[in-house]
Amino acid sequence: MMKHRYEKGINDKTIIMLHGTGGNESDLLTLAMFIDPKAHKIGIRGNIVENGMNRYFKRYPDGSFDLDSLNTESEELYQEMKNLLAQYDLREDSVTILGYSNGSNIFLNIMRLYQTKFKNALLFHPSRSNTTTPFKNQEINLFITYGDQDPYVNKDDFQQLEKDLGQEGIQFTTYSHQFGHSLTQDELEHARIFYGK
């Protein structure tokens, strides 16, 4: 069982929060409240600790992703999501995934491994990974973001990620800005507007 935090909401929507490197199960709560203050919130902490920082999967010393770890942890996280939704009696098709950086990366990998029933995914600053495994066909409404000065996300790789999604018929909206890896207020506003459609 993964460590998690649950905040009960007052509508029928659920936001599952997946933090970035060094975050925890509460890290994106303020952002989730901004997106929808009335939704149920579930934050899940990554299993991996790297140099004292929580992550969802391992990296090699050169910073590249350990794909075996990525796939193993993706399987466990996806099952944990389903278990928690059942535990709190929440509908899978009313879920929005809210991911940042490392959290975005593992959810994109879940989309390669599983045909999910989630409604939305708001994924901030994801990286392309596990490229030999194509995305499963998804009905999800996907919002992804990119910063021109992001030191962790290569522009060419991000554009190839967009092609990967398009090749599998996944509908998505991209928001980009001229800044780095940190979230901007305008970026968050666009995410909230997308969520409200």
Side-chain angles (χ1 to χ4, degrees), residues 1-2 4-20 23 25 27-29 31-47 56-57 70-130 133-145 161-162 164-175 188 190-197:
M1 179 177 290
M2 302 175 73
H4 78 279
R5 173 177 180 171
Y6 172 62
E7 297 286 336
K8 185 174 177 58
I10 58 173
N11 64 22
D12 63 350
K13 299 177 182 178
T14 302
I15 297 177
I16 295 180
M17 303 172 290
L18 304 178
H19 61 77
E25 62 274 22
D27 216 40
L28 297 181
L29 185 58
L31 175 52
M33 289 293 292
F34 175 77
I35 298 295
D36 186 350
K38 297 181 179 180
H40 304 271
K41 317 291 192 306
I42 300 175
I44 304 175
R45 182 188 298 191
N47 281 329
Y56 288 100
F57 56 91
L70 174 59
N71 286 332
T72 298
E73 296 297 331
S74 294
E75 181 179 356
E76 181 167 354
L77 177 60
Y78 183 53
Q79 190 59 54
E80 182 72 1
M81 289 176 179
K82 293 169 76 71
N83 290 343
L84 290 171
L85 291 171
Q87 177 181 333
Y88 296 114
D89 195 25
L90 301 170
R91 290 167 51 109
E92 191 172 344
D93 60 3
S94 295
V95 166
T96 293
I97 302 297
L98 179 61
Y100 172 59
S101 190
N102 187 241
S104 293
N105 296 342
I106 195 165
F107 186 71
L108 280 177
N109 196 58
I110 287 172
M111 289 176 58
R112 292 182 186 274
L113 301 179
Y114 302 99
Q115 189 172 25
T116 75
K117 297 179 181 178
F118 302 137
K119 182 178 181 181
N120 305 309
L122 310 175
L123 304 181
F124 299 96
H125 301 262
S127 297
R128 184 171 179 251
S129 64
N130 202 9
T133 302
F135 286 104
K136 302 289 187 187
N137 185 264
Q138 311 278 342
E139 296 297 325
I140 198 166
N141 302 308
L142 180 62
F143 178 85
I144 54 176
T145 74
L161 170 62
E162 293 178 307
D164 292 347
L165 292 164
Q167 286 172 354
E168 300 307 323
I170 298 173
Q171 300 295 314
F172 65 93
T173 295
T174 299
Y175 174 84
L188 303 183
H190 276 79
R192 182 166 66 172
I193 292 168
F194 180 88
Y195 172 89
K197 288 181 179 179

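Values reported hereafter were calculated over all heavy atoms of this structure, with side chains retained and with hydrogens, waters and symmetry mates removed.
No side-chain heavy atom of Gln138 sits under 4.5 Å from any side-chain heavy atom of Glu168. Here the side chains of Lys13 and Leu90 are not in contact, with every heavy-atom distance at 4.5 Å or above. Side-chain atoms of Ile16 and Leu98, non-hydrogen and from C-beta on, never get closer than 4.5 Å to each other. The shortest distance between side-chain heavy atoms of Arg192 and His190 does not fall below 4.5 Å. For the pair Leu161/Leu165, a side-chain contact is recorded, criterion being any heavy-atom separation below 4.5 Å from C-beta on. At least one side-chain heavy atom of Leu85 sits less than 4.5 Å from a side-chain heavy atom of Val95. Inter-residue side-chain proximity for Lys119 and Ile140 is flagged as unmet; no heavy-atom pair is nearer than 4.5 Å. Within the 4.5 Å cutoff, no side-chain heavy atoms of Met17 are placed close to those of Asp27.
For Ser104 (side chain) and Gly99 (main-chain N/O), a donor-acceptor pair under 3.5 Å exists by modelled atom type. The backbone N or O of Ala39 sits nowhere less than 3.5 Å from a side-chain atom of Lys8 that would complete a donor-acceptor pair.
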Test side chain to side chain contact (heavy atoms under 4.5 Å, CB included) applied to Leu18 and Tyr100, step by step: CA-CA 7 Å; Leu18 304 178; Tyr100 172 59; over 6 Å; no
CA sep, side-chain torsions, deciding dist, call: Met81, Ile110, side chain to side chain contact (heavy atoms under 4.5 Å, CB included): CA-CA 11 Å; Met81 289 176 179; Ile110 287 172; 4.3 Å; yes
Residues Arg5, Ile42; criterion side chain to side chain contact (heavy atoms under 4.5 Å, CB included); working and verdict: CA-CA 6 Å; Arg5 173 177 180 171; Ile42 300 175; over 6 Å; no
Worked verdict on Asp164 versus Arg128 for side chain to side chain contact (heavy atoms under 4.5 Å, CB included): CA-CA 9 Å; Asp164 292 347; Arg128 184 171 179 251; 2.6 Å; yes
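A salt bridge links Asp93 with Arg91; the closest basic N to acidic carboxylate O contact falls under 4.0 Å.
Ring centroid separation for the pair Phe172 and Phe143 does not come in under the 6.0 Å cut-off.
The environment of CD in Glu139 is sparse: at most 12 heavy-atom neighbours from other residues, nucleotides or ligands sit within 6.0 Å. Sparse packing is recorded around CG of Asp89, with 12 or fewer heavy atoms of other residues, nucleotides or ligands lying under 6.0 Å away.
To the nearest 0.5 Å, atom OH of residue Tyr78 and atom CD of residue Glu80 are 13.5 Å apart. Atom CG of Leu28 is separated from atom CZ of Phe34 by 13.5 Å, given to the nearest 0.5 angstrom. Atom CD1 of residue Ile44 and atom CE of residue Met1 lie 11.0 Å apart, to the nearest 0.5 angstrom. Interatomic distance, CG of Asn105 versus NE2 of His125, reported as 11.5 Å (0.5 Å rounding). Atom CG of Asn130 sits about 6.5 Å away from atom CG of Leu113, to the nearest 0.5 Å. How far CE of Met111 is from CZ of Phe135: 5.5 Å, rounded to the nearest 0.5 Å.
Checking Asn83 against Gln87 by side-chain atom types alone, no donor-acceptor pair falls below 3.5 Å. Glu73 and Asn47 are linked by a side-chain donor-acceptor pair at a separation below 3.5 angstrom, with hydrogens and angles left out of the test. If you check the side chains of Asp12 and Ser94, you find no donor sitting under 3.5 Å from an acceptor.
Here the closest non-hydrogen pair linking Ser127 and Leu108 is O-CD1, 4.2 Å. In terms of heavy-atom proximity, Phe124 sits nearest to Thr145 at CA-OG1, 3.3 Å.
Considering His19, His4, Arg45 as possible partners of Glu25, the one that fulfils the side chain to side chain donor-acceptor pair (under 3.5 Å) test is Arg45.
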